[in-house]
Structure formats: structure tokens, C-alpha cells
There are 2 protein chains.
Amino acid sequence: MTEVDTRELRYFIAVAEELHFGRAADRLGIAQPPLSRAIRRLEHRVGARLFDRTGRGVRLTAAGEVLLAEGRAALDAVSAAVRRARRAGRPRRSLTLVMKPGGDAGLLPAILAAYAARPGAAAVDLVFSQSERAAMLRDGRADVGLLHHPQNDLTGLDTEPLRTERRVAALAEGHPLAARATLSLADLAGEPMAQWPEAAERGNGPRVEEAGQMWQLVVLGRAVALVTESAAERPYRGVVYRPVTDAAPATLVLAWPAESRSRDVAEFTAAARAALAPALTGQT
Amino acid sequence: MTEVDTRELRYFIAVAEELHFGRAADRLGIAQPPLSRAIRRLEHRVGARLFDRTGRGVRLTAAGEVLLAEGRAALDAVSAAVRRARRAGRPRRSLTLVMKPGGDAGLLPAILAAYAARPGAAAVDLVFSQSERAAMLRDGRADVGLLHHPQNDLTGLDTEPLRTERRVAALAEGHPLAARATLSLADLAGEPMAQWPEAAERGNGPRVEEAGQMWQLVVLGRAVALVTESAAERPYRGVVYRPVTDAAPATLVLAWPAESRSRDVAEFTAAARAALAPALTGQT
DNA sequence: CGGGCCGATACCCTGACGGTATGACCGAGG
DNA sequence: CCTCGGTCATACCGTCAGGGTATCGGCCCG
């Protein structure tokens with residue numbers, strides 16, 4: 001049986017996401033008929049129908065659902081392979097760390113210092129992303145990252161827990177709930193929660209793409225936000241913080257691709273572990 | 001920048017393994033010039049030289065080394081995606097478990113029973129492999145497997161430790177070392193150790209592909225073998241077992257692809273964990 | 001210095017992939 | 001029941017990427 005090519009996977013994923021051949025073709029920059037043929041050929045190679053063609057649009061079959069999830073991972077792996085090889089070709093040895101601005105709970109300086117102190121440490125480049133950190137680790141745009149568990153999907157990543165934090169609600173000073181000392185999730189149920197792009201659109205709050213927007217909306221009382229307690233250590237004028245007692249705590253983790261064979265990544269994670277060992281033992 | 005497709009990666013891996021364009025082209029079933037062009041194009045896309053062309057043959061550059069390791073993982077991920085989708089297209093729900101014959105330390109019946117008792121459990125197909133178990137998990141030929149740590153490379157796999165076993169030497173009854181109650185690795189240094197294909201050829205012992213061959217050679221005194229103690233629970237006529245005190249213990253682990261999102265795999269591993277929980281706590 | 005080995009280049013040709021036009025099917029609405 | 005819009009499939013054609021053959025250029029070795 002002939003091999004499946006990355007182009008076919010990209011085509012399939014486009015259709016699976018759009019659930020519409022025409023729109024998918026449009027997005028891919030090709031016409032619809034070649035796309036139909038490509039999907040048909042792919043179905044033949046896989047040996048299973050991937051879509052149910054109903055008169056109106058299409059639906060994924062069970063096999064299609066599997067191929068969508070696994071195919072995305074596979075394409076990420078291909079991208080990662082190329083990106084990492086490209087980086088390895090540059091004379092400068094570097095390690096790319098991705099984080100959310102301010103999302104290090106204050107631990108990053110110690111980690112970077114511990115790593116830099118090691119002989120043969122590579123330069124650490126910092127990049128920032130709100131909602132694509134896990135994806136960037138998976139497709140090779142970053143080597144290590146600071147994520148939150150269980151808020152981020154850590155599938156395919158190895159992790160080292162750094163610190164577990166309680167979650168607090170950020171409210172405008174004048175907000176009625178600000179009068180309470182602690183809150184529960186039920187108290188927040190009716191409130192407009194800031195919606196990050198990563199979340200499926202299910203909430204009733206305003207969409208935000210960037211932390212500054214979120215804080216602005218919170219100050220204005222247009223949104224409330226659920227953040228980690230370390231965020232509350234950097235007070236934001238006009239915002240008060242109230243613990244949410246029944247919100248699952250967030251664990252800040254250092255994450256890297258599970259299949260990583262990079263010596264630099266191993267060194268970095270070891271340095272982070274060593275740097276934080278006292279704090280961790282003190283915590284547990 | 002244009003996308004890298006799987007064919008280019010396969011071509012690259014063939015050259016990287018053969019370190020010879022002619023032989024690689026032969027193996028790929030194409031002529032050498034198109035292969036040279038494809039590699040050159042790939043180097044251009046990656047943005048780094050992948051090979052040092054020395055007059056005699058070629059050598060991998062640092063970027064090439066990275067692309068070899070990562071590219072193999074990427075191709076495995078693509079194969080896995082297709083295989084798993086194909087399986088999901090079959091009406092019969094099944095889970096493929098790969099193991100070495102006898103390599104379950106007697107734990108498999110309990111695990112299978114515990115899983116089968118769960119509502120909605122899928123059928124479990126057993127397949128056997130001596131040296132390709134990890135590769136089969138990575139490329140989708142199997143869903144879960146019984147491996148040994150640290151003897152197997154578990155990169156890219158998630159694992160659940162099942163049982164840690166000491167390692168014992170299997171010797172012919174009349175072997176001089178059989179007179180000793182315990183052995184050390186130094187004692188075995190000069191002995192012909194059975195060589196599995198998975199090991200790089202560095203030993204001085206006979207090659208074996210299958211356990212029966214190994215035992216035969218051990219009985220005949222032509223080889224000694226280092227095995228886990230559970231193997232000694234099934235005595236083999238004419239073979240005696242002696243603990244090797246300084247050999248690193250082997251941990252039998254249940255392993256599955258790290259990126260696995262399959263509900264059946266999750267159920268199976270949970271069942272295994274639950275089934276063995278008493279034994280594990282008793283052990284620690 | 002000559003021969004053999006190995007990768008690169010030149011040139012051609014086939015077929016796979018993409019485009020346009022059109023067909024087939026389904027559901028909605030009158 | 002027929003029509004119409006929407007959606008995916010089929011037919012047919014052109015182009016170019018990728019594969020083949022022939023040959024060159026450089027390097028090592030005798």
C-alpha cells in the first residue's frame with residue numbers, strides 16, 4: 001500500500017475542520033474537485049471511509065475522528081523535525097523557551113541562572129504565547145515551555161511540576177462579589193468570564209487575545225477572570241483578588257516534547273529541577 | 001517555505017542510514033540522480049547542509065543527526081495515524097498488545113481479566129516481538145506493550161511500572177560459573193553473551209533471533225544469557241540461574257504512545273494499574 | 001598518473017496534481 | 001411533485017515535479 005503524504009493529511013485536516021469541501025478547498029488555496037479526489041484517494045489508502053457525505057455538508061466517521069487527532073500530531077512531528085534540524089544547522093546553540101508573559105510564578109530567574117551556571121549551557125531564547133504554548137512545543141517552534149496543568153493539554157509532552165497554585169478570581173474593586181472574602185465557582189457561574197481563543201466558545205464573556213485586554217475589561221467590570229495566585233502578587237490598579245475555594249488548583253509545569261532527545265533540553269530540565277528542589281521539598 | 005513531505009524524509013533517512021547515495025537509491029528503488037536532487041532540495045528547504053560530501057561516501061552533519069532522529073519519529077507518527085485510523089474504521093473494537101513471549105512476569109492474566117471485566121472493554125489482540133516492541137508502539141502497529149526499563153528505549157512512550165525484577169545469569173549446568181552462588185558483571189565479562197538483533201554488534205557471543213535459540217545455546221554451553229528473575233520461575237532443563245548482584249534491575253513496564261488519546265488505551269492502563277495496585281503497594 | 005568510485009549535472013519524458021466545466025444527488029419550499 | 005440552490009463527484013485537459021539515462025568532475029588509491 002502506498003505511503004500517505006503530508007499534503008494528503010493537511011487536506012484531510014482542512015476538510016475535517018471545516019466539514020465542508022468547498023470552504024476547505026478555499027482555505028487550502030486549491031479548487032474543490034482536486035480536494036475531493038485527494039480525500040477519496042486517502043480514504044482508499046487508509047482503507048476506511050473518513051467522512052459521511054450527507055447531502056448537506058459532511059460528518060466525520062469514527063476513523064476520521066482518529067485520523068484528525070493523530071494526523072495533527074503527525075504533522076506536528078514533521079514540522080518539529082524540520083525546525084529542529086534547521087536550528088541544529090545554525091552555529092549558535094540555543095534553546096527556545098515559550099511562556100505566557102508573567103506566567104512563571106517568579107521562578108524563571110532562578111531556573112535560568114541555574115541553567116546558565118552549567119558548563120556548556122546554550123543561550124536561552126524567550127518567546128511568548130498566550131494560547132499556543134503546547135502547540136509550539138509539539139511542532140518544534142519551542143523546546144521547553146511553562147504551562148499549567150490541568151488547564152493545558154499536556155498530551156505528548158513530558159513535564160516537571162514546578163509549583164502548584166491556588167486559583168483566584170480577579171474582580172473590579174466595585175464588583176458586588178468583591179465584598180466577599182472567598183468565592184466558589186457557583187458564585188462566578190453567572191459572571192462574564194474572559195474567553196481566551198483556546199477555549200471552545202461556550203462562555204458568555206468577552207473574547208480576549210491578550211492579558212492587557214483582559215485586565216482592562218476586569219477593571220471596567222465587564223469581565224471577571226480566573227487566574228493563579230501568583231498573578232495576584234503583581235497587583236493591578238483597580239483589581240482585587242478573591243480565592244476561589246473549589247476551583248481546581250493550577251500546577252505550573254516545565255514541559256518539553258516527550259520524544260525529545262536533545263541534550264540541551266535534558267540539561268535545562270535537570271537544572272530547573274535542581275534549582276527548585278529546596279522549594280519543592282519545602283512545599284511537600 | 002514549502003512543506004516537507006514524507007517521501008523526502010524517507011529518502012533522507014535511507015541516505016542517512018546507508019551513508020551512500022547509490023546504495024540508498026537502490027534500496028528506495030529509484031535511480032541515484034533523482035535521490036541526489038531530492039536531498040539537495042530537502043537541504044534547501046531545511047536551510048542547512050545535512051551531509052558532508054567527502055570524496056568517499058558521505059557523513060551526517062549535526063543538523064542531519066537531528067533530522068535523522070526526529071524524522072524517524074515523524075514518519076512513525078504518520079504511519080501510526082494511518083494505522084490507527086484504519087483500525088478505527090473496522091467495526092470490531094480491539095486493542096493490540098505487544099509483548100515478548102513469556103515477557104509478562106506472570107502478570108498478564110490478571111491484567112487481561114481486570115480489563116475484560118470493565119464494561120465496554122474491547123477485544124485484546126496479542127502480538128509478539130522480540131526486539132521491535134517499542135517501534136511497534138511508535139508506528140501504530142500496537143497500542144500497548146510490555147517493555148523493560150532501562151533495557152528498552154522508552155522515548156515517546158508513556159509507561160506504568162508493573163514490577164521490578166533482579167537480573168540473573170542463565171548458565172549451563174556444567175558451566176564453571178554455575179558453582180558460584182552469585183555472580184557479578186565482571187565474572188561474565190569474558191563469557192559469550194547471546195546477542196539480540198536490537199543490540200549494536202559489540203559482543204562476542206552468537207547472534208540469536210528467538211528465545212528458543214538462546215536457551216538451546218545456553219544448554220550447550222555456547223552462550224550465557226542475562227535474563228530477568230521471572231524467567232527463572234520457568235526452569236529450563238539443563239539451565240541454572242545465578243543472581244548477578246551488580247546488574248541494573250529491570251522494570252517491567254506497561255507502555256503506550258505518549259500522544260495516545262485513545263479511550264480504550266486509557267481504560268486498559270487504568271485496569272492494569274488497578275489490578276496490580278495491591279502487589280505494587282506490597283512491594284514498595 | 002591512470003583507473004575506479006561516487007556524487008553532481010544535463011536533458012528528456014511520464015504521470016500526478018491542479019484547473020474548468022459539468023453532472024448527480026439531496027433537501028427545502030411552493 | 002417539481003424546481004432550485006447547495007454540495008460533492010466526475011470528466012477532461014494542461015502543466016510541472018519527479019524519475020530515468022547519459023555523462024561529467026573530483027577524490028582516493030595503486
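As the structure is a computational prediction, the values presented were derived from the model and not from experiment. Each chain gets a letter, A, B and so on, in the order the sequences are listed, and its residues count up from 1.
Arg23(B) comes within 4.0 angstrom of no nucleic acid atom, judged by non-hydrogen atoms across all strands. Across all strands shown, Arg37(A) has heavy atoms under 4.0 Å from base atoms, whether or not it also approaches the sugar-phosphate. Residue Tyr11(B) is classed as a sugar-phosphate contact, given heavy-atom separations below 4.0 Å to backbone atoms only.
To the nearest angstrom, C1' of dA8(C) lies 12 Å from CG of Leu35(B). One interatomic measurement links the two molecules: CG of Asp26(A) to P of dG19(C), which rounds to 11 Å at whole-angstrom precision. In this structure, Arg53(A) atom CZ and dG6(D) atom C1' are separated by 16 Å, rounded to whole Å. When rounded to the nearest whole Å, the span between CG of Leu42(A) and P of dA9(D) equals 13 Å. Between the CD atom of Glu18(B) and the C1' atom of dG7(C) there is a distance of 15 Å, given to the nearest Å. Across the protein-nucleic acid pair, Phe21(A) atom CZ and dC25(C) atom C1' stand 15 Å apart, rounded to whole Å. As rounded to whole Å, 13 Å separates atom P of dC8(D) from atom CG of Asp52(A). Between Ile30(B) atom CD1 and dT21(D) atom P there is a gap of 12 Å when expressed in whole angstrom units.
An OP1 or OP2 oxygen of dC8(D) is reached within less than 4.0 angstrom by no side-chain nitrogen or oxygen of Arg40(A). Of the side-chain N and O atoms in His20(A), one or more sit less than 4.0 angstrom from OP1 or OP2 of dC8(D). Regarding contacts with the backbone of dA9(D), a side-chain N or O of Ser36(A) is found under 4.0 angstrom from either OP1 or OP2.
Here the side chain of Ser94(B) pairs no donor or acceptor atom with the backbone of Val124(B) at under 3.5 angstrom. When atom types are taken as modelled, the side chain of Asp26(A) and the backbone of Gly22(A) share no donor-acceptor pair closer than 3.5 angstrom.
With hydrogens and angles left out, the side chain of Arg7(B) and the base of dG18(D) share no donor-acceptor pair within 3.5 Å.
Distance from the side chain of Ala31(A) is smallest for dT20(C) among the nucleotides dA8(C), dC8(D), dT20(C). The Pro33(A) side chain lies nearest to dA9(D) when the options are dG7(C), dG20(D), dA9(D).
Residues Phe21(A) and Arg53(A) meet the side-chain proximity criterion, which asks for heavy atoms closer than 4.5 Å. Considering only heavy atoms from C-beta on, Leu75(A) comes within 4.5 Å of Arg10(A) through its side chain.
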| query | Between Ser262(A) and Asp264(A), does a side chain to side chain donor-acceptor pair (under 3.5 Å) hold up when you go through it step by step? | reply | CA-CA 5 Å; Ser262(A) 152; Asp264(A) 288 335; 4.9 Å; no
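Mapping Pro34(B) and Gly22(A) onto DNA chain D by nearest heavy atom places Gly22(A) closer to the 5' end of the strand.
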